[in-house]
Amino acid sequence: LELVAATRDDRQAMPLDRPPTTSGEGEGATPPTPTSSRSPAEPRDLGSGAFLVPLPGAPDYASLVIERSDHLVLVEAPLGSRETDGLLAAIAERFPDKPIRWVVATHHHFDHAGGVPRALADGATLVTTPGNVAFFRRAVVGPYTIEPRHGIEGAAGASDPPTVQVVADTWSVPGGPPSVEILRVAANAHAAEMLAVHLPDSKLVFQCDLVRLPLEGEERPQVDALRRLLRERTPGVERVAGVHGEVGRAEDLFGSGED
């Protein structure tokens, strides 16, 4: 079922859970957990300028912040504007006087993209995949969906669409150190277009919804896309972090018979 905002101008109507250029992907989105308290989040230092920041009021979500000499890179702005306001406040407290210059959206599912318009409101550049550009541009210029908590909302209604950096395969974010590599993930069971972040200095890959660590229960089929990325494109990575779950060892994703 796809619900859209009621409007006479259908170019402004926005699907609640997937971009207009992609089909069949909204099924994998995880509904947000209701929040009642929004306390400040304490960033976790992952080394070499990388910090994992829990989302205030939604502890099962975390964003990645990379600190550079005069700016920050933010990876993921989950849920919605209220949660992202708390996230931005926590980031501003930990990194005063350093603006967010880049916002990386790993994929379009509503629980991972709902705060993107708010995160872009101060002029940051959005980093996304080709098929999601139109979706995020419409998210920023609005209007609201008929049920904002399950759609993209926040800074909707902005007069200008965001500046977008499109990643078709691999792209290095300028302005380092530290080095930040944005990698297009192979199409998988969760979404046709996704991004992961490789931090060579931290020997870390940050991903979203490909795996939840530690590994427990039935394995997600999309974890094979992450294994392929680790094998073929990120030599030397020792740790895997994510929006959900814990920071774990990359080697734990491979059985004894796998390289």
Side-chain angles (χ1 to χ4, degrees), residues 40-56 61-79 81 83-107 112-129 132-133 136-137 139-140 154-155 158-184 195-208 233-234 236-243 247:
E42 183 65 31
R44 175 183 174 185
D45 190 346
L46 299 179
S48 301
F51 295 83
L52 196 62
V53 185
L55 197 66
Y61 290 79
S63 296
L64 180 70
V65 173
I66 301 99
E67 182 184 20
R68 289 170 154 181
S69 62
D70 62 353
H71 71 275
L72 306 172
V73 180
L74 173 64
V75 185
E76 288 290 277
L79 295 185
S81 59
E83 291 83 3
T84 298
D85 281 341
L87 173 68
L88 296 177
I91 292 172
E93 181 178 350
R94 178 62 179 81
F95 309 101
D97 303 322
K98 287 194 176 181
I100 296 172
R101 187 172 295 172
W102 308 94
V103 175
V104 182
T106 63
H107 64 303
H112 293 283
V116 168
R118 176 64 188 91
L120 296 175
D122 291 332
T125 294
L126 172 67
V127 182
T128 188
T129 56
N132 287 325
V133 172
F136 281 114
R137 281 181 172 157
V140 171
S159 58
D160 298 315
T163 302
V164 180
Q165 172 64 50
V166 177
V167 179
D169 183 57
T170 303
W171 180 68
S172 295
V173 183
S179 176
V180 180
E181 298 178 352
I182 312 300
L183 308 177
R184 172 88 171 266
L195 295 175
V197 178
H198 177 213
L199 304 178
D201 297 328
S202 303
K203 298 182 178 180
L204 177 120
V205 161
F206 182 84
Q207 53 76 41
C208 178
R233 304 176 65 188
T234 57
V237 161
E238 297 177 353
R239 295 177 294 164
V240 173
V243 175
V247 180

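Note that the numbering runs from 1 along the sequence shown for the chain.
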Pairs under 3.5 angstrom only: tabulate donor-acceptor contacts from the side chains of residues 165-176 to other protein residues two or more places apart or in another chain.
{"residue": "Thr170", "atom": "OG1", "partner": "Arg233", "partner atom": "NH2", "Å": "2.6"}

Quiz item: Closest heavy-atom contact between Leu88 and Ala119?
Solution: CD1-CA, 4.4 Å
Quiz item: Any idea which heavy atoms bring Val127 and Leu195 closest together, and the distance?
Solution: O-CD1, 3.9 Å
To the nearest 0.5 angstrom, please state how far the [atom1] atom of [X] sits from the [atom2] atom of [Y].
{"X": "Thr129", "Y": "Arg184", "atom1": "OG1", "atom2": "CZ", "answer": "5.5 Å"}
{"X": "Asn132", "Y": "Arg137", "atom1": "CG", "atom2": "CZ", "answer": "12.0 Å"}
{"X": "Leu64", "Y": "Phe206", "atom1": "CG", "atom2": "CZ", "answer": "5.0 Å"}
{"X": "Glu181", "Y": "His198", "atom1": "CD", "atom2": "NE2", "answer": "5.5 Å"}

Self-check item: Intermediate values then yes/no, side-chain contact (heavy atoms from CB on, under 4.5 Å), Val164 and Thr125
Solution: CA-CA 6 Å; Val164 180; Thr125 294; 5.8 Å; no
Practice problem: State, yes or no, whether a side-chain contact exists between Glu83 and Pro56 at a heavy-atom distance under 4.5 Å. | Solution: no
Exercise. Only counting residues at least two apart or in another chain, list the ones meeting salt bridge (charged side-chain N to carboxylate O under 4.0 Å, His left out) with Asp122.
Key: none
Show which side-chain atoms of residues 45-55 pair as donor or acceptor with protein atoms under 3.5 Å away, not counting sequence neighbours.
{"residue": "Asp45", "atom": "OD1", "partner": "Gly47", "partner atom": "N", "Å": "2.8"}
{"residue": "Ser48", "atom": "OG", "partner": "Asp201", "partner atom": "O", "Å": "3.2"}

Exercise. Apply side chain to side chain contact (heavy atoms under 4.5 Å, CB included) to Ser63 and list each qualifying residue two or more places apart in sequence or on a separate chain.
Key: Leu74, Glu76, Pro78, Leu87
Practice problem: List for me each residue that meets side chain to side chain contact (heavy atoms under 4.5 Å, CB included) alongside Pro177, sequence neighbours excluded, and say none if there are none. | Solution: none
Please list every donor-acceptor pair under 3.5 Å in which a side-chain atom of residues 94-105 meets a protein atom from a residue at least two apart or in another chain.
{"residue": "Lys98", "atom": "NZ", "partner": "Glu67", "partner atom": "OE2", "Å": "2.9"}
{"residue": "Lys98", "atom": "NZ", "partner": "Arg68", "partner atom": "O", "Å": "2.7"}
{"residue": "Arg101", "atom": "NH1", "partner": "His71", "partner atom": "ND1", "Å": "3.4"}

